[in-house]
Amino acid sequence: MIAVAAAGAITPVGLDLAETAAAIYTQVQLFEDLNVLDSDGEPLSGMKIRFADDLAGPARLAAMAHAVVDEASLRVGPEERVPLILCCPEAGAFADSPADWPAQLLATVIAEAPIAIDRARSRVIARGRAGTVEALGAALALFLKEPTVTYCLVGGVDCLVDTDRVVALVDDERLLTESNKDGFRPGEAGALLLLTNRPDSDAMASWLAAAAGHEEATRGADRPTTGAGLQEAVSKALAQAKVAYPSLACFAPDFSGEQRYFEEFLLANSRLAKAPVTAAREIPALSVGETGAAAGFLSIAMLAFLHSKGVHKRPSLATLSCDGPERGAVVLGPMPERRR
């Protein structure tokens with residue numbers, strides 16, 4: 001059995017997972033001026049973490065990574081050596097930084113972690129959102145292939161409020177503005193899961209299934225949105241978990257505002273619904289904005305937190321998307337003791 005033993009988060013609405021989950025659950029929003037003008041000359045706002053120091057670029061990501069590693073590893077014993085699989089933006093996201101900054105980020109996080117990190121089995125995946133499915137697959141594969149691995153840290157950090165990245169997003173017409181209603185609010189976050197194949201009764205949530213799908217109608221492709229890739233991932237995950245779609249207690253999609261991903265989610269789920277669905281919906285992006293490489297992990301961490309607090313007694317579903325073809329779905333449930 002695999003479970004989410006612990007998790008960590010740092011976001012514009014919370015400096016740990018408990019604060020973040022409470023803010024997302026109550027749909028708190030905190031906006032800040034980004035000191036960048038949109039294409040109409042109007043000031044842009046976004047969602048920023050308030051660090052004590054004025055950090056930018058990879059240094060900002062490192063601060064997020066340190067925070068979530070510290071939180072997620074609190075239950076790890078001193079005898080454990082834990083692999084870390086960390087997602088981050090593409091290497092070109094910070095043009096003024098050395099080309100190998102992702103590797104340096106991982107090395108810094110490992111060196112300053114409060115627990116022993118298994119360097120040989122650790123890796124950084126610098127693919128933004130597209131790396132989420134790959135990272136989860138790599139983490140789960142460790143439990144299958146490496147009998148000595150009992151824990152794995154997997155998650156992501158990203159910052160879309162860096163000035164150069166905001167300017168690039170404006171130029172690419174990705175941001176929500178007065179003249180562009182099909183866009184998102186830029187944000188930033190770190191989210192990390194501590195997975196284990198030897199859970200105890202204090203684990204946050206049981207990991208029932210995870211599956212991937214392939215989407216042909218990607219952003220930039222000259223094809224209508226169908227949601228086929230997401231439907232594939234959700235169908236596989238539910239089949240593995242032996243969970244009926246109408247029995248889900250909660251959905252946590254990782255989309256952040258752009259219409260195509262909302263449509264994709266609706267189309268996929270409308271085909272899967274065989275009966276009226278009463279599941280709750282938690283959408284982290286409403287409170288934290290677009291968080292790139294952290295978005296999918298934040299959705300999963302949010303669901304795990306709600307299961308740990310007894311909010312949802314039935315299984316829940318996180319869906320994972322990106323601009324490329326990768327789609328994913330994760331089904332969580334309460335730990336067995338919490339079903340009583």
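Note that the coordinates shown come from a computational prediction; the quantities given were computed from them, not determined experimentally. Quick note: residue numbers are just sequence positions, from 1.
In this structure, Arg81 CZ and Arg119 CZ are separated by 8.5 Å, a value rounded to the nearest 0.5 Å. To the nearest 0.5 Å, atom OG of residue Ser179 and atom CG of residue Asp40 are 3.5 Å apart. Note: Tyr151 OH to Leu84 CG = 16.0 Å, rounded to the nearest 0.5 Å. Between atom CD1 of residue Ile125 and atom SG of residue Cys87 there is a gap of 4.5 Å, rounded to the nearest 0.5 Å. Note that OG1 of Thr218 and CZ of Arg327 are 7.5 Å apart. Values are rounded to the nearest 0.5 Å. Rounded to the nearest 0.5 angstrom, Met302 CE and Leu298 CG are separated by 8.5 Å.
The two residues Ser316 and His307 come nearest to each other via the heavy atoms OG-NE2, 2.8 Å.
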Going through the checks in order, is the salt bridge (charged side-chain N to carboxylate O under 4.0 Å, His left out) test met by Arg165 and Glu290?
CA-CA 12 Å; Arg165 297 194 75 187; Glu290 168 59 52; over 6 Å; no
Could you give me the CA-CA distance, side-chain angles and deciding distance for Glu264 and Ser321, then say whether side chain to side chain contact (heavy atoms under 4.5 Å, CB included) is met?
CA-CA 9 Å; Glu264 195 173 285; Ser321 60; 4.3 Å; yes
Give the C-alpha distance, both sets of side-chain angles, the deciding distance and a yes or no for salt bridge (charged side-chain N to carboxylate O under 4.0 Å, His left out) between Asp200 and Arg75.
CA-CA 11 Å; Asp200 57 28; Arg75 299 182 63 240; 2.7 Å; yes
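Looking at Val4 and Thr196, their side chains never come closer than 4.5 Å, going by heavy atoms from C-beta outward. Taking 4.5 Å as the limit, every side-chain heavy atom of Leu317 sits out of range of all side-chain heavy atoms of Leu332. The side-chain heavy atoms of Gln231 and Leu272, taken from C-beta on, include a pair separated by under 4.5 Å.
Glu80 and Thr150 form a side-chain donor-acceptor contact under 3.5 Å, judged by distance and modelled atom types alone.
Between Phe251 and Tyr245, the angle of the ring planes lies from 30° to 60°, which puts this pair in the tilted group.
Results of the side-chain hydrogen bond (donor to acceptor under 3.5 Å, both in side chains) test with Arg129 over Asp254, Asp323, Thr291 single out Asp254 as the only residue that passes.
For Ser247, the side chain to side chain contact (heavy atoms under 4.5 Å, CB included) test picks out Val243, Ala244, with sequence neighbours left out.
Classification of Glu188 and Lys48 as a salt-bridged pair fails, no side-chain N sitting under 4.0 Å from a carboxylate O.
In this structure, the side chain of Glu71 engages the main chain of Leu17 through a donor-acceptor pair within 3.5 Å.
In this structure, Val36 shares a hydrophobic cluster with Leu34, Leu44, Leu160, Val161, Val166, Val167, Leu169, Val170, Leu175, Phe184, the cluster being traced through Ile, Leu, Val, Met, Phe, Trp and Tyr side chains under 4.5 angstrom apart.
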